[in-house]
Amino acid sequence: MFTAITQQSPDAGLLHNLNPEQLAAVTLPAEHALILAGAGSGKTRVLTTRIAWLLQTGQVSPGGIMAVTFTNKAAKEMMTRLAAMLPLNVRGMWIGTFHGLCNRLLRAHYKLANLPQTFQILDTQDQLSSIKRLYKQFGIDDERYPAKQMQWFIGGCKEDGLRPAQVVVKDPETRKKVEIYQLYEEQCQREGVVDFGELMLRSYELLRDNDPIREHYQRRFRHILIDEFQDTNKLQYAWIKMLAGTGAHSSVDGAFQPTGCVLAVGDDDQSIYAFRGARVGNMTDFVREFGVKHQIKLEENYRSGSNILDSANALISNNSKRLGKNLRTAQGPGEPVRVFEATSDFAEANWMVDEMKQLVREGHERKEIAVLYRSNAQSRVIETALFNAGMPYKVYGGLRFFERAEIKNALAYLRLLENPRDDTSFMRAVNFPPRGIGARSLELLQDAARATGCALSDAVSGLSGKAGANIGAFLAGIEVLNEQRQGKKLKEIVELVLKHSGLRAHYEADREGADRVENLDELVNAAESFVSIEGFGRDVVALPVDELGNVLTQSPASQGLDLNQPVQDIPAPDLETGETLSPLAAFLTHAALEAGDNQAQAGQDAIQLMTVHASKGLEFDCVFITGMEEGLFPHENSMTDRDSLEEERRLMYVAITRARKRLYLSHSQTRMLHGQTRYNLKSRFFEELPEEALKWITPKHQGFGGGFGSAGVTSNSGATHAYHTSARGQFGTDYSKYTTAAAPVPVQKTPPGGLQVKQKVFHAKFGEGTVLSLEGSGDDARAQINFPRHGVKWLALSVAKLTPVP
DNA sequence: TGCCATTTTCTTTTT
DNA sequence: GAAAATGGCA
């Protein structure tokens with residue numbers, strides 16, 4: 001999919017249009033360097049251009065580069081951009097996420113890593129159920145040691161590079177936790193599975209403990225580039241250090257001087273993942289421990305006008321721990337930052353929708369309008385408002401494809417085929433769809449397995465009675481599948497499993513299972529197209545390189561070297577040549593490491609809804625930041641200590657800097673939260689923004705309408721009120737209607753053509769239904785339809801595809 | 001064993 | 001307010 005562009009002008013300005021700082025960063029000498037890249041300063045461009053420049057000037061071959069990102073999306077983006085710059089087959093290059101690259105290392109050296117070749121990866125859900133299973137088996141009290149907390153503890157230890165034996169035990173409680181950690185480790189090892197943390201830690205240990213392997217990769221990766229460096233945790237930092245050959249594990253005998261140089265790109269002001277172990281301190285540690293001589297700040301922002309940037313700068317200057325950086329722009333002030341105060345979350349959402357309609361009328365694309373919120377729960381009200389208005393929207397976050405229950409069920413069967421020892425998958429599949437295997441039978445089985453220390457599937461034969469017969473039948477079914485799958489294509493195997501396991505039939509029988517069947521079909525599609533994407537075949541040697549990864553020829557240009565060739569993967573000492581992962585195993589790995597997009601429907605021009613966290617790295621013409629209230633943003637759990645408050649502020653900084661042209665901030669006096677109405681004060685962050693950049697667009701006469709005489713919630717005061725407009729003021733919208741909790745009354749015009757009340761219509765998702773009523777016209781036209789299977793729905797006629805049924 | 005009712009919890013999240 | 005998890009009962 002990353003097919004390179006073939007026509008290319010070799011020296012046609014890779015470096016064209018770079019500003020002086022960017023140029024300096026791209027053409028840095030081969031030494032460690034830190035790039036402090038502000039939001040919108042062209043960070044990704046610098047990273048990819050740097051790689052392209054290194055390749056084009058013949059300083060390194062594609063095999064000598066490692067580029068690490070945090071998300072698959074970022075990795076793909078990098079590869080796509082790189083492929084567009086150079087005629088290069090990026091597929092074989094070591095560009096990927098930390099976990100993806102670790103997986104690659106462990107697959108190549110699975111024996112040294114003490115793993116089965118087909119080891120499976122536990123995602124967060126799997127890990128939790130694995131721990132819970134452990135609890136049952138060893139009678140551990142979930143009340144005293146909550147499994148969730150334990151999961152967090154284990155992850156934390158691994159992030160710090162600590163095995164159970166290395167954890168410092170100070171109190172009995174920690175002792176017990178470490179014991180459980182130890183048991184968990186044994187269970188994973190026995191089952192041949194690794195969790196995400198293990199992926200990192202195990203590959204770190206692999207490099208640490210095997211001199212030839214480590215030195216091989218140290219020689220090979222002459223340039224290591226890391227994106228979003230501020231998000232790295234302790235272990236990831238150590239991993240990089242190990243690969244770069246800096247520190248204790250470099251040359252032992254002095255014969256080998258490691259040469260890998262590290263280019264770290266990051267922004268301390270955008271560090272928003274401390275809550276999951278990210279250490280901003282890695283940036284200063286990096287400068288110190290690597291003896292970084294080159295530090296470049298990218299402060300020129302190409303995204304937003306100065307009103308938006310000044311707001312961001314002013315806000316973030318309230319943080320104490322900063323490396324120091326100020327964004328500037330050559331663009332003018334741009335539009336002011338609009339601030340709106342609503343009386344309720346409901347009113348806030350309706351105001352937003354009307355504002356959006358206006359923006360769309362003005363020619364903005366819907367996908368260039370984003371709504372950002374602090375927590376996912378806030379999306380519901382907004383979704384309702386958008387839905388009622390018939391405005392297409394897309395919510396990011398939530399359940400992703402490979403995390404859906406039906407998909408995980410299917411994957412459990414597939415994993416069992418690949419690795420019968422995978423007890424997590426066994427437990428998931430054994431009684432789903434229900435086949436009369438209950439808790440008691442499984443308890444017997446688990447006892448038997450524990451007694452002999454074998455996997456659940458191996459313990460079945462020792463079971464007698466009804467339990468033995470039932471579970472035996474299940475296992476026999478798996479074995480039949482295993483025979484039938486021989487010689488079959490991946491897609492066929494998946495289809496086979498869906499049929500033979502009874503999963504498809506089970507969901508087809510379910511009245512509400514239509515979506516799930518659809519997803520299962522989608523899984524078959526994913527399996528079909530998978531091979532063509534990953535292509536786990538061997539790559540052929542394309543470039544003449546020496547063992548160090550140096551290109552042996554002169555510069556590509558002078559030699560007419562064709563970079564558009566598969567990248568050579570230099571065999572490491574331990575690499576089993578010829579041994580390849582089965583397509584199924586590769587597919588399962590893909591499913592674990594890449595949870596897939598949230599929603600299948602792509603391409604439609606829709607409003608973008610997401611949390612602030614999810615918005616990092618993205619940009620939009622128009623951005624709404626909603627729920628700017630104390631307790632929400634900053635979040636109540638993060639208001640108490642200074643560090644987490646500063647993280648909230650960085651979060652706000654990230655949110656503000658997403659906007660290119662227009663930025664709205666809104667807060668509401670009341671909000672439904674946990675089923676209760678809460679009265680919130682407006683966020684303290686408003687006080688930290690420069691007044692001259694803001695424009696308050698809430699009408700003067702707004703208020704509580706006599707309804708809520710509550711709390712210390714006051715209207716905003718100060719000079720900003722000078723901007724208040726009366727109803728239907730200069731902004732063209734009548735804001736007064738948002739000041740009551742009632743929905744805007746739709747204007748009744750001629751009923752939309754084609755449909756009539758009592759008419760029968762067909763909808764792709766809801767099936768056949770009867771029109772109950774119609775309202776609105778044109779783009780706003782809506783119909784109330786009764787679907788026997790799904791109930792009464794309001795559908796926007798400009799969005800819903802309805803076909804009349806005679 | 002499995003279904004239904006009650007209780008509980010509720011930031012952010014990629015891999 | 002809603003989803004998930006637990007617990008009691010048929």
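Chain letters run A, B, ... following the sequence lines, proteins first and then strands; every chain starts at 1.
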For this session: Round to the nearest Å and state the distance from A/Phe98 atom CZ to B/dT15 atom C1'.
Result: 11 Å

For this session: Provide, to the nearest angstrom, the distance between the CD atom belonging to A/Gln151 and the P atom belonging to B/dT13.
Result: 16 Å

Exercise. Using 30° and 60° as the class limits, which term best fits the ring planes of A/Tyr664 and A/Phe624: parallel, tilted or perpendicular?
Worked result: parallel

For this session: Test the A/Arg163-A/Tyr181 pair against the cation-pi criterion, namely NZ or CZ under 6.0 angstrom from the six-membered ring centroid and within 45° of the ring axis.
Result: no

Exercise. Rounding to a whole Å, what distance do you find between A/Phe432:CZ and B/dT1:C1'?
Worked result: 15 Å

Problem set entry | A/Arg428 side chain near A/Asn409 side chain, heavy-atom distance below 4.5 Å | yes

Problem set entry | Set of residues satisfying side chain to side chain contact (heavy atoms under 4.5 Å, CB included) with respect to A/Arg276, sequence neighbours excluded | A/Tyr273

Exercise. Within this structure, what is the CG-to-C1' distance between A/Leu199 and B/dT14, rounded to whole angstrom?
Worked result: 13 Å

Problem set entry | Between A/Gln127 and A/Thr124, a side-chain donor and acceptor under 3.5 Å | no

Problem set entry | Residues A/Arg322, A/Asp268: salt bridge by 4.0 Å N-O rule | no

List every contact pair, protein side and nucleotides 10-12 of chain B side both N or O, where the distance is under 3.5 Å.
| residue | atom | partner | partner atom | Å |
| --- | --- | --- | --- | --- |
| B/dT11 | O4' | A/His635 | NE2 | 3.2 |
| B/dT12 | OP1 | A/Asn376 | N | 2.8 |
| B/dT12 | O4' | A/Arg374 | NH2 | 3.1 |
| B/dT12 | O2 | A/Arg374 | NH2 | 2.5 |

Exercise. Does a sphere of radius 6.0 Å around NZ in A/Lys234 hold more than 12 heavy atoms from other residues, nucleotides or ligands, not counting ones at 6.0 Å or beyond?
Worked result: no

For this session: Look at the rings of A/Phe402 and A/His590 and say which category their plane angle falls in: under 30° parallel, 30 to 60° tilted, over 60° perpendicular.
Result: perpendicular

Seminar exercise, completed: Nearest heavy-atom contact between A/Phe196 and A/Asp123 is CE1-CA, 3.7 Å

Exercise. Within the modelled atom types, does a donor on one side and an acceptor on the other bring the side chain of A/Thr124 and the base of B/dT15 under 3.5 Å apart?
Worked result: yes

Nucleotide N/O to protein N/O under 3.5 Å, stretch nucleotides 3-10 of chain C:
none

Exercise. With a 4.0 Å cut-off, would you call A/Glu594 and A/Lys76 a salt bridge?
Worked result: yes

For this session: Could you tell me the separation between the CD atom of A/Glu383 and the P atom of C/dA2, rounded to a whole number of Å?
Result: 12 Å

Exercise. Within the structure shown, what part of the strands sits under 4.0 Å from A/Asn103 by heavy-atom distance: base, sugar-phosphate, or nothing?
Worked result: nothing

Exercise. If pairs are Watson-Crick or G-U with both distances under 3.5 Å, what is the dot-bracket string of DNA chain B, marking crossing pairs with [ ] and pairs to another strand with |?
Worked result: ||||||||||.....

Problem set entry | Ionic contact status for A/Glu522 with A/Arg404, cut-off 4.0 Å | no

Interface polar pairs with nucleotides 2-9 of chain B, N/O, under 3.5 angstrom:
| residue | atom | partner | partner atom | Å |
| --- | --- | --- | --- | --- |
| B/dG2 | OP2 | A/Asn431 | ND2 | 3.4 |

Exercise. Quick one: does A/Trp239's side chain get under 4.5 Å of A/Ser203's, heavy atoms only?
Worked result: yes

Exercise. Taking O4'-C1'-N9-C4 for purines and O4'-C1'-N1-C2 for pyrimidines, is B/dT11 syn (within 90° of 0) or anti?
Worked result: syn

For this session: Check side chain to side chain contact (heavy atoms under 4.5 Å, CB included) between A/Asn376 and all other residues, then give those that pass, not counting sequence neighbours.
Result: A/Tyr373, A/Thr611

Exercise. For the pair made of CE in A/Met672 and C1' in C/dA2, what is the distance, rounded to whole Å?
Worked result: 12 Å

Exercise. Quick one: A/Gln378 CD to C/dA2 C1', roughly how many Å, whole number?
Worked result: 16 Å

For this session: Could you tell me the separation between the CH2 atom of A/Trp239 and the C1' atom of B/dT15, rounded to a whole number of Å?
Result: 13 Å

Exercise. Would you say the ring centroid of A/His667 lies under 6.0 angstrom from that of A/Phe633?
Worked result: no

